[in-house]
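Just follow the structure's listing: the first ligand is 1, and inside any ligand the first atom is 1. The model shown is predicted, which means the values in this text are computed figures rather than measured ones.
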Amino acid sequence: MTMTKGGTAKPPSPGGVTGAADAARPTAHAAGTTAAPRRSHIPGEGTAHAAAVEQARKDMLHEVRARKRTRIGADVVCEALIRQGVDVFFGYPGGVILPLYDVLGDYPELRHVLVRHEQGGAHAADGYARVTGRVGVCMGTSGPGATNLVTGIGTALLDSVPMVAITGNVPGVLIGKDAFQEIDINGITLPMTKHNYLVRNADDLPRVFAEAFHIARTGRPGPVHIDITKDALQQETRAEHPTDEEVMAGLPGFRPNLDGHPRQLKLAAAEIARAQRPMILAGHGVLHAEAWGELRAFAEKTQIPVAHTLLGIGAIDETHPLSYGYMGMHGWKHVNKAIQSADLLFAVGMRFDDRVTGNVRTYAPYARIVHVDIDPAEIGKNVAVEVPIVGDAKRVLEAMLPLVGEVDPAARADYFEQLAEWRQESEASSWHGSGAWRDGLLSADFVVQRIGELSDHKGTYVADVGQNQMWLARYTGFRAPNSHVSSGGLGTMGYSLPAAMGAALGRPDRETWAITGDGGFQMTLQELMTLVQDRIPVRIAVFDNKKLGMIRQWQEIIYAGNYHSAHLLGPDYLKLADAFGIPAVKASTPAEVDDAIRFAQGVEGPALIWFEIAEEQNIFPMMPAGKGLSDLIEKWGGAEE
Ligand SMILES: Cc1ncc(C[n+]2csc(CCOP(=O)(O)OP(=O)(O)O)c2C)c(N)n1
Ligand SMILES: [Mg+2]
């Protein structure tokens, strides 16, 4: 091998020893020794593939922005987001997604919120989607950026939230080489998305984005993931964005059934005409379909009371005379009792989740069931039903309306009397809105009730997971659709603060509250700084019981009081908020609650309230896992809540 004086190498020779620019080499030559021949370090040297890999590696290391540029894949992404009506999205940069950040400044219509952790970005997109009914968008780089999104994508999947998650990946030819920050994120998101893509060619981007948004929001909504190689972001392209018709034509297998089958609708109407103790079970699907008006009209015409799931909160105004309340594991006793004695359940947009049914064998033993769901896979999955109807909640309820007779409330007088009696009994029982504060301690149910009242029930209330989530669901008092946001299916702790961030941007006309336990708050509190930097006015209520409260409750009741790892230290939340530049107050007694809430309401940007609540409060009733709706625990060890 010959080397020039400057130590630069000769062009590589295939298969043989090549001249890598090695500063140490000439010294050896100078000493007159002969170096042992060696192979080229470039695998497959001389092939077109090897040349492409080498070029891609160079591109990974050199980020040079051309001053004058043509339209590249990254532009297509921005154009597609704008075409889809995206006004804000949540992301975090990294090496392979930098070509996109490089052009973002050219699209001022797109507001990018720089989160502090990609999980926060995914939850923010999710919160935004839930309050607006639009597709939420989040973005991360390859490798850890992408894996950090995963919990948020899973959260969206289990609650059917429309989302498009974008990640960058290493250049196409490096895929499979374990390049820096390469992970098979497509493989990871495959079972947890409605659909996912790996785009290696810029020409595919317009079609992929149009399809992704269409799939995310059509039929049963859900997350779609688009992974884009760095070279696809950088390639020049003239590919045009498809029309809606072209998108539909390109997805012949994706035609969700929106209208219920007419014969099934008639069968359902006949069930309703026969029923003496019917109950409507409203779920998240009613909100997704924006079917709250149709639901109310249908309930009023048939005089059927409406119970709702955790995610069905807001499907009906809780003060409506036909609203009966929240069902399931921590639902109201009277609601569960009514379900257990009903002779007909008309379930719409809900999936008979185990938190709703408990033991299916003992669930609703006298009821025939009509099940309306847009996803045929849900019908008969958890509970066998008499009348399945596959369709969109809004369209099915609309179509049902002329098929059902107008029922005179007097015809249901006995039934309503019974329901009213159960309700009174349930609401008057000792756990309702009381508990700890009899001993001078602050009880969480009292706090959420006051937050609801002092915000006129007009806010957006975002729950975390645990006891705080159940208190919020039961005692806040919900009036409007999409005013309650909660991670129901995946039950993701740390959800509340970032989801509230997205919710506040989606509905700036509403006061947004993040209700969180001390455990969940400590999982994602880094997003406090995002709130400050982007001036997002979220009111944060930290329910500090110095416990993983729901864990402590289960350990008390199911694990004989073996409180391993339930005790949780937290920081001084006032100092913490101060460090972030967020105004904060502490409330430790019932008397301090109203002032604290008003203080937070008076702050322009984010504000935090540290509620020091009773450490050992339980939330009752509770249906122990594996038991049935009739096996509710209402108190424990004599300590009434
Ligand atoms: C990411 C995650 N890890 C663990 C759990 C299990 N889990 C459910 S509730 C809970 C305790 C929550 O404690 P905290 O946030 O303080 O809320 P609290 O119940 O005290 O209101 C835990 C650990 C979860 N739901 N999510
Ligand atoms: Mg706690």
task = Please check if atom NZ in K458 has more than 12 non-hydrogen atoms from other residues, nucleotides or ligands closer than 6.0 Å.
result = no
ask   = Taking atom CE of M327 and atom CE of M623, what is their separation to the nearest 0.5 Å?
value = 11.5 Å
request  = Could you tell me whether the side chains of H225 and T167 share a donor-acceptor contact shorter than 3.5 Å?
outcome  = yes
request  = Drop me the distance from Q522's CD to M493's CE, to the nearest 0.5 angstrom.
outcome  = 9.0 Å
key: From CA spacing to verdict: side-chain contact (heavy atoms from CB on, under 4.5 Å), Y559, I551   = CA-CA 10 Å; Y559 292 91; I551 297 296; over 6 Å; no
note = Contact set, ligand 1, heavy-atom distance under 4.0 Å, ordered by chain/number, equals V465, G466, Q467, N468, G491, M493, G517, D518, G519, G520, M523, N545, K547, L548, G549, M550, I551
inquiry  = For a quick test of reading the model, state the closest non-hydrogen atom pair linking V135 to Y128 and the distance between them.
reply    = O-CE2, 4.1 Å
key: E511 and S455: side chain donor to acceptor below 3.5 Å   = no
query = Using a distance-only test with no angle check, is there a side-chain donor-acceptor pair under 3.5 angstrom linking D126 and Y495?
reply = yes
query = Under 2.8 Å from the Mg ion (ligand 2), which protein atoms of type N, O or S occur, listed by chain and number?
reply = D518 OD1, N545 OD1, K547 O
task = Determine the minimum heavy-atom distance between F620 and I633, stating which atoms define it.
result = CD2-O, 3.5 Å
